[in-house]
Every structure is written in structure tokens, then in C-alpha cells.
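The next block holds one structure in the form of C-alpha cells; read it before the comments.
We number each residue from 1, following the sequence as shown. All values derive from a computational prediction rather than experimental measurement.
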Amino acid sequence: MKNLSNRNWPMKTAAGVAIVFGVLTILSGGRVLFGGEAAQAAAGNAVYFVLWFNFLSGFVYVLAGVGIAMLRRWAVWIAITIAVSIAAVFALFGLHIYGGGAFEMRTVGAMTLRLIVWVAIAIIAGRAILAKQHIAE
């Protein structure tokens with residue numbers, strides 16, 4: 001028989017990653033947005049709608065992480081919404097690039113990482129929380 005704590009490690013990991021990722025996103029985005037000219041110069045060709053989206057979504061990442069840690073059904077829907085929102089902003093960012101807009105290649109990498117992380121978190125949370133609640137019903 002498996003120990004219950006061994007079965008919960010994906011959920012604990014997903015919750016922890018969501019919270020840490022959220023805090024780091026808030027700090028890095030806030031530094032560029034509110035850190036003055038030197039911070040903005042260091043950011044290079046930042047695309048401000050992407051930067052603002054990422055900064056504000058960091059707070060939602062933390063909320064989702066806390067909800068996942070508490071095994072709340074609403075946290076799954078927040079995680080799914082985050083993943084879909086990242087994909088939408090990434091698509092708009094792609095249109096910005098296609099239109100000849102200035103950008104930093106590291107933004108492409110960061111958005112790719114965000115999308116992969118949040119799709120994974122949504123899948124892990126969905127499988128664990130929604131499946132568990134479906135069985136309980």
C-alpha cells in the first residue's frame with residue numbers, strides 16, 4: 001500500500017512552483033516597471049503589455065498556488081485560465097514581433113517557460129483535485 005504523502009508530492013510541488021514562480025514574477029516585473037531608468041534600460045526592448053501582464057499575473061499565480069495547496073476546485077480553473085491567458089498574450093506578442101516591433105529574445109524564452117509551467121500545473125492540479133472530487137461525488 002502506498003503512503004498518502006507519496007501520492008501528494010506532485011500537488012505539493014505544483015503548489016510550491018506556482019507560489020515561487022508568482023513571487024519571482026512579481027519581483028522581476030516590479031523591478032522593471034517601478035525600478036527607474038536603470039532597471040528599464042537593463043530590460044532592453046521590453047514589450048510593456050507583456051511586462052504588465054506578467055507582473056499582474058504573478059499575484060494570480062500565488063493565489064492559484066495557495067488554492068492548489070488547499071486542494072480547492074477553483075484553483076484548477078484559475079490554473080487553466082492562467083495557461084490560456086499566457087497563450088493568448090504570447091500570441092499577441094507574436095503578432096507584435098511579426099509586425100516588426102522591438103523585443104528581447106529572452107521574452108520569447110520566458111513566455112515559453114511560463115506556458116509550459118502553467119499547462120503542467122493545470123494538468124497536475126486538474127487530475128488530482130477534479131478527479132478526487134469526482135470520485136467523492
ILVMFWY cluster, [X] and [Y] together (side-chain gap under 4.5 Å):
{"X": "I129", "Y": "L63", "result": "yes"}
{"X": "F53", "Y": "I97", "result": "yes"}
{"X": "V117", "Y": "L56", "result": "no"}
{"X": "W52", "Y": "I82", "result": "no"}
{"X": "I19", "Y": "M11", "result": "no"}

What is the minimum heavy-atom distance between [X] and [Y], and which atoms define it?
{"X": "A46", "Y": "L51", "result": "CB-CD2, 4.4 Å"}
{"X": "I68", "Y": "A15", "result": "CG2-CB, 4.0 Å"}
{"X": "I121", "Y": "A14", "result": "CD1-O, 4.0 Å"}
{"X": "V76", "Y": "A125", "result": "CG2-O, 3.6 Å"}
{"X": "G65", "Y": "A18", "result": "CA-CB, 3.6 Å"}
{"X": "V47", "Y": "A102", "result": "CG2-O, 3.5 Å"}

Heavy-atom check, side chain of [X] versus side chain of [Y], under 4.5 Å:
{"X": "W118", "Y": "S85", "answer": "no"}
{"X": "N54", "Y": "M111", "answer": "yes"}
{"X": "R73", "Y": "L130", "answer": "yes"}
{"X": "F59", "Y": "V62", "answer": "no"}
{"X": "V50", "Y": "H96", "answer": "no"}
{"X": "L92", "Y": "L95", "answer": "yes"}

- Test side-chain hydrogen bond (donor to acceptor under 3.5 Å, both in side chains) applied to S57 - qualifying residues, sequence neighbours left out: Y61
- Note on the structure: Sorted by chain and residue number, the side-chain hydrogen bond (donor to acceptor under 3.5 Å, both in side chains) partners of T107 (sequence neighbours excluded) come out as none
- Task: Applying side-chain contact (heavy atoms from CB on, under 4.5 Å), name anything that partners L115, two or more places apart in sequence or on another chain.
- Result: I86, A87, F90, V119
- Task: Applying ring pair (Phe, Tyr, Trp, His ring centres under 6.0 Å), name anything that partners F49, two or more places apart in sequence or on another chain.
- Result: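 Partners of F49 under the ring pair (Phe, Tyr, Trp, His ring centres under 6.0 Å) test: none.
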- Query: How many angstroms lie between CD1 in I78 and CZ in R72, if you round to the nearest 0.5 Å?
  - Reply: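 With rounding to 0.5 Å, CD1 (I78) is 12.0 Å from CZ (R72).
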- Rounding to 0.5 Å, atoms CH2 (W77) and OG1 (T81) come to a distance of 8.5 Å
- Message: Through direct or indirect side-chain contacts below 4.5 angstrom among Ile, Leu, Val, Met, Phe, Trp and Tyr, which residues connect to L24?
- Response: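 Answer for L24: V20.
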- Query: Other hydrophobic cluster members with I116, side-chain heavy atoms of Ile/Leu/Val/Met/Phe/Trp/Tyr under 4.5 Å, chained?
  - Reply: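 Taking Ile, Leu, Val, Met, Phe, Trp and Tyr as members, I116 stands alone, with no cluster partners.
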- Message: Taking the ring of F34 and the ring of F55, is the distance between their centroids below 6.0 Å?
- Response: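 When the ring centroids of F55 and F34 are compared, they turn out to be within the sub-6.0 Å range.
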- Query: Does any N or O in the side chain of R106 come within less than 3.5 Å of the main-chain N or O of A43, such that one atom is a donor and the other an acceptor?
  - Reply: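 Yes: the side chain of R106 pairs with the backbone of A43.
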